[in-house]
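Contents: one structure, followed by commentary.
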Amino acid sequence: MPERVSIAPRLPARPRVRDGYLPLYTHLEHRYASSVVLTFEQIESLLGFALPAAARQEPGWWTSVAGNGPRAGEAWTAAKRTATPNLLARHVTFERLP
């Protein structure tokens, strides 16, 4: 009797993104536009929780993904984007990397 071999489809690897920030990654990953502007409120709506105070007060929270800081930056770096916050206008521009 011949041996039965089943081949399962290869699933795409899950990005290295903190669970709470996965909805932001997914939103950015599925946008065709090179530039996506989201208000803090829109980001919080996607995440389902409030951004930390540092996100509203410190531009470095959005631009620094190294070191001991928050790992939220994995959400946009995994989606191959940079983040440029405008704290006064309360929004962030996510630009696709070339």
* To do: Any chance you could lay out the side chain to side chain donor-acceptor pair (under 3.5 Å) test for Ser35 and Glu95, step after step, and finish with the verdict?
  => CA-CA 5 Å; Ser35 179; Glu95 297 282 344; 3.0 Å; yes

Flag side-chain contact, heavy atom, 4.5 Å: [X] against [Y]:
X: Val92; Y: Ile43; answer: yes
X: Leu46; Y: Leu38; answer: yes
X: Arg81; Y: Val36; answer: yes

Would you please name every residue forming a side-chain contact (heavy atoms from CB on, under 4.5 Å) with [X], sequence neighbours left out?
X: Phe49; value: Tyr21, Leu47
X: Ala79; value: Tyr25, Leu28, Glu29
X: Ser45; value: none

* For Thr93, side chain to side chain donor-acceptor pair (under 3.5 Å) partners two or more places apart ->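 Per chain and number, Thr93 pairs via side chain to side chain donor-acceptor pair (under 3.5 Å) with no residue.
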
* Asked: Can you name the residues that form a side chain to side chain donor-acceptor pair (under 3.5 Å) with Thr84, not counting sequence neighbours?
  ->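 Thr84: no side chain to side chain donor-acceptor pair (under 3.5 Å) contacts found.
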
* Between the main-chain N or O of Pro23 and the side-chain N or O of His27, is there a donor-acceptor pair closer than 3.5 Å? ->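 Side chain of His27 to backbone of Pro23: no pair is present.
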
* Kindly say whether Thr39 contributes a backbone atom to a donor-acceptor pair with the side chain of Gln42 at under 3.5 angstrom? =>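 It does hold such a pair.
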
* Please round to the nearest 0.5 Å and tell me the distance separating atom CH2 of Trp62 and atom CG of Leu51. =>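 Rounded to the nearest 0.5 Å, the CH2-CG separation comes out at 5.0 Å.
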
* How far does NZ of Lys80 sit from CZ of Phe94, to the nearest 0.5 angstrom? ->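 So the gap between those two atoms works out to 16.0 Å.
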
* To do: Mind jotting down which residue pairs meet the salt bridge (charged side-chain N to carboxylate O under 4.0 Å, His left out) criterion with at least one end in residues 31-47? Sequence neighbours excluded, please.
  =>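 Sorted pair list: Glu41-Arg90, Glu44-Arg56.
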
